[in-house]
A.B. asks: 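Here's a structure for you.
The residues of the chain are indexed from 1 along the displayed sequence.
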Amino acid sequence: MTQPQTHTLVTPDVDLVYDVRGPLPPAAGNPVLVMIGQPMTADGFGALAAHFTDRTVVTYDPRGLGRSTTRRDGRTDHTPQDQAADLHALVGELGAGPVDVFASSGGAVTALAWVAAHPDDVATLVAHEPPINAVLPDAEAATRGRARFNDAYEAKGFGAGMAAFMAMAAWQGEFTEEFFAQPLPDPALMGMPATDDGNRDDPLLSRKSWAVTDFQPDAAALTAAPTRIVIAVGEESAGTYTARTALGTAALLGQEATVFPSHHGGFLGGEFGYAGKPEEFAAKLRAVLQR
């Protein structure tokens, strides 16, 4: 496997740290393949990138996350629009556009904002389970569910917040009053720490990334873009929040979601304790990109 070469792009707002696996310009006529997440950083894509040694793969740490924490914008939040601008600058720095993009979770939301704002940057976008409340019939309840796990986090810390988040992520179907009537789960029973370390800066559980799930996709701009957009959903995610947002986003764009192996983290290896099926996932991604 090609070892990543780490670089830093200095912009007026942030020092963006990114990794390049393979040559620039890319070999064999394939576009550069950019892999992005949010709040996941570049280290989450190692297992997937290992299956694309014939492609030049670029990963990065989004503004304010991982190694890209030197900010000069005076803010601490994470917005799809800011990250889209960062990615536009990154593609310009690479001199390799248009690129192919695999984007997962909040990264998929960023990618939709990126294509809407800079459609000539991206040839094909595979947007895997973008968590967008606005595309749900129970959008208001989903927003209420987000506030529920944030309240748990603010009151009792990471373990309580993550346990409440996991309960929301695993819920099947719309968020009914039955969901809200449940007691908050015991963090210890879900493998989470029961003690509170006092930190309230987690990008998933705090309010710093609420702009991600509040994002309103510009369907007109996205369908008019020259970019081929594929909305992806995990076969094991059926009925869950991010599967429903994927289906809703696909419907907004006039398409059916493309089913990928495994779950929301289906491209992950076992290093994060949430192993997917990275080999099968990569094979599906390759087939979709080549289609």
A.B. asks: Under the criterion side chain to side chain contact (heavy atoms under 4.5 Å, CB included), I'd like the reasoning laid out for R67 against Y60: C-alpha separation, chi angles, the key distance, then a yes or no.
C.D. replies: CA-CA 9 Å; R67 301 163 296 171; Y60 92 126; over 6 Å; no

A.B. asks: Say you draw a straight line from CD1 of I231 to OG1 of T249; how long is it, rounded to the nearest 0.5 Å?
C.D. replies: 5.5 Å

A.B. asks: Nearest 0.5 angstrom please: T56 OG1 to L24 CG, how far?
C.D. replies: 5.5 Å

A.B. asks: In Å and rounded to the nearest 0.5 Å, what is the CZ to CE distance from R148 to M168?
C.D. replies: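 Reported value, rounded in 0.5 Å steps: 9.5 Å.
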
A.B. asks: Check whether any side-chain heavy atom of L87 sits under 4.5 Å from a side-chain heavy atom of D121, and report yes or no.
C.D. replies: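 No. Closest side-chain heavy atoms not under 4.5 Å.
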
A.B. asks: Using side-chain heavy atoms (C-beta onward) and a distance below 4.5 Å, is F45 in contact with M40?
C.D. replies: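 A side-chain contact under 4.5 Å exists here.
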
A.B. asks: Is it true that a side-chain atom of S237 and a backbone atom of A243 form a donor plus acceptor pair closer than 3.5 Å?
C.D. replies: no

A.B. asks: Is a donor from one side chain sitting under 3.5 angstrom from an acceptor on the other, for S105 and E129?
C.D. replies: no

A.B. asks: Quick one: does D218's side chain have a donor or acceptor within less than 3.5 Å of a partner on A221's backbone?
C.D. replies: yes

A.B. asks: What distance do Q83 atom CD and L90 atom CG have between them, rounded to the nearest 0.5 Å?
C.D. replies: 12.5 Å

A.B. asks: Are V99 and L16 linked, directly or through intermediate hydrophobic residues, by side-chain heavy-atom contacts shorter than 4.5 Å (ILVMFWY only)?
C.D. replies: yes

A.B. asks: Within the side chain of E280, is there an N or O that forms a donor-acceptor pair under 3.5 Å with the backbone of K277?
C.D. replies: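 Judged by distance alone, no pair lies under 3.5 Å.
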
A.B. asks: Can you list the steps and then say if Y274 with H264 is a ring-ring contact (aromatic ring centres under 6.0 Å, His included)?
C.D. replies: CA-CA 10 Å; Y274 183 49; H264 189 64; 7.6 Å; no

A.B. asks: Taking C-beta and beyond as the side chain, do T227 and T124 meet within less than 4.5 Å on heavy atoms?
C.D. replies: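 Contact flag for T227/T124 side chains = no.
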
A.B. asks: Between D13 and T11, do the side chains contain an N or O donor and an N or O acceptor separated by less than 3.5 Å?
C.D. replies: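 Looking only at side-chain atoms, T11 and D13 do not form any donor-acceptor pair under 3.5 Å.
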
A.B. asks: Hey, can you tell me if F281 and F260 have their rings parallel, tilted or perpendicular (30° and 60° cut-offs)?
C.D. replies: tilted

A.B. asks: With hydrophobic residues grouped by side-chain heavy-atom distances under 4.5 Å, do F267 and V57 end up in a single group?
C.D. replies: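 Per the 4.5 Å side-chain linkage, F267 and V57 are co-clustered.
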
A.B. asks: Where the side chain of W114 meets the backbone of A117, is there a donor-acceptor pair that is under 3.5 Å apart?
C.D. replies: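 The answer is no, because no donor-acceptor pair under 3.5 Å joins these two groups.
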
A.B. asks: Can you confirm whether M162 sits close enough to L204 that some side-chain heavy atom of one is under 4.5 Å from a side-chain heavy atom of the other?
C.D. replies: yes

A.B. asks: Between N150 and W210, is there a side-chain heavy-atom distance shorter than 4.5 Å?
C.D. replies: yes

A.B. asks: Is the F102 ring parallel, tilted or perpendicular to the H128 ring (thresholds 30°, 60°)?
C.D. replies: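 Judged by the thresholds at 30° and 60°, the geometry between F102 and H128 is tilted.
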
A.B. asks: Between the side chain of D15 and the main-chain N/O of S68, is any donor-acceptor distance below 3.5 Å?
C.D. replies: no

A.B. asks: Return yes if some donor-acceptor pair links the side-chain N/O of R286 with the main-chain N/O of H51 below 3.5 Å, else return no.
C.D. replies: yes

A.B. asks: Are L222 and L112 close enough, and set up right, to give a side chain to side chain contact (heavy atoms under 4.5 Å, CB included), and what steps lead you there?
C.D. replies: CA-CA 7 Å; L222 291 168; L112 292 169; 4.1 Å; yes

A.B. asks: Under the ring-ring contact (aromatic ring centres under 6.0 Å, His included) rule, what do F165 and F149 come out as? Steps first, then yes or no, please.
C.D. replies: CA-CA 5 Å; F165 169 79; F149 71 71; 5.3 Å; yes

A.B. asks: Would you name the heavy atoms of F272 and D43 that are closest together and state the gap between them?
C.D. replies: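 The answer is CZ-O, 3.5 Å.
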
A.B. asks: Is a donor from one side chain sitting under 3.5 angstrom from an acceptor on the other, for R146 and T213?
C.D. replies: yes

A.B. asks: Counting N and O atoms only, with roles assigned by atom type, does the side chain of S209 sit under 3.5 Å from a partner on the main chain of V212, one being a donor and the other an acceptor?
C.D. replies: no

A.B. asks: Would you compute the distance between atom NE2 of H88 and atom CG of D120 and round it to the nearest 0.5 angstrom?
C.D. replies: 9.5 Å

A.B. asks: For A163 versus P185, what's the shortest heavy-atom pair and its separation?
C.D. replies: O-CG, 3.3 Å

A.B. asks: Give the intermediate values and the outcome of side chain to side chain contact (heavy atoms under 4.5 Å, CB included) for residues F215 and Q81.
C.D. replies: CA-CA 9 Å; F215 180 70; Q81 294 81 4; 3.8 Å; yes

A.B. asks: Drop me the distance from L268's CG to E271's CD, to the nearest 0.5 angstrom.
C.D. replies: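 The CD atom of E271 is 6.5 Å from CG of L268, to the nearest 0.5 Å.
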
A.B. asks: Do the numbers put R144 on top of the ring of F175, so that NZ or CZ is under 6.0 Å from the six-membered ring centre and no more than 45° off the axis?
C.D. replies: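 Output no; distance or angle outside limits.
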
A.B. asks: So R72 and P12, do their side chains get closer than 4.5 Å, heavy atoms only?
C.D. replies: no

A.B. asks: Step by step, would you call E279 with K284 a salt bridge (Lys or Arg N to Asp or Glu O under 4.0 Å)?
C.D. replies: CA-CA 9 Å; E279 183 174 358; K284 179 68 174 183; over 6 Å; no

A.B. asks: Hey, does the side chain of R200 reach the backbone of E154 with a donor-acceptor pair shorter than 3.5 angstrom?
C.D. replies: yes

A.B. asks: Would you sort out whether T59 and V20 count as a side chain to side chain contact (heavy atoms under 4.5 Å, CB included), showing the intermediate values?
C.D. replies: CA-CA 7 Å; T59 55; V20 180; over 6 Å; no

A.B. asks: Is it true that atom CD of Q172 has more than 12 heavy atoms of other residues, nucleotides or ligands lying nearer than 6.0 Å?
C.D. replies: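 Yes, the 6.0 Å shell around CD holds more than 12 heavy atoms from other groups.
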
A.B. asks: Does the side chain of T6 pick up a donor-acceptor pair with the side chain of D19 at under 3.5 Å?
C.D. replies: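 On atom types as modelled, these side chains qualify, holding a pair under 3.5 Å.
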
A.B. asks: So if you build clusters from Ile, Leu, Val, Met, Phe, Trp, Tyr with side-chain heavy-atom gaps below 4.5 Å, do V115 and V230 land together?
C.D. replies: no

A.B. asks: Same cluster for L125 and I36 if Ile/Leu/Val/Met/Phe/Trp/Tyr side chains link at under 4.5 Å?
C.D. replies: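 The answer is yes; both residues are in one hydrophobic cluster.
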
A.B. asks: Please say yes or no: joined through hydrophobic side-chain contacts below 4.5 Å, possibly via intermediate residues, are L247 and L252 part of one cluster?
C.D. replies: no

A.B. asks: Could you check whether any side-chain N or O of R55 sits under 3.5 Å from a backbone N or O of P31, counting only pairs where one atom can act as donor and the other as acceptor?
C.D. replies: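 At least one qualifying donor-acceptor pair exists.
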
A.B. asks: State whether the side chain of Q255 and the backbone N or O of I229 hold a donor-acceptor pair below 3.5 Å, judged by distance alone.
C.D. replies: yes

A.B. asks: In terms of side-chain geometry, is the basic nitrogen of D86 or R63 positioned less than 4.0 Å from the acidic oxygen of its partner?
C.D. replies: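 Yes.
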
A.B. asks: Any side-chain heavy atom of H118 within less than 4.5 Å of one from V122?
C.D. replies: no

A.B. asks: Is it the case that N133 and Y241 place a side-chain donor and acceptor less than 3.5 Å from each other?
C.D. replies: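 Yes.
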
A.B. asks: Any chance CD of E256 has more than 12 other-residue heavy atoms, nucleotides or ligands included, within less than 6.0 Å?
C.D. replies: no

A.B. asks: Do D77 and R207 sit within salt-bridge range, that is, some charged N less than 4.0 Å from a carboxylate O?
C.D. replies: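 The answer is no: the pair does not qualify as a salt bridge.
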
A.B. asks: With a 4.5 Å heavy-atom cut-off, do P130 and V109 have their side chains touching?
C.D. replies: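 The answer is yes; the side chains approach within 4.5 Å.
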
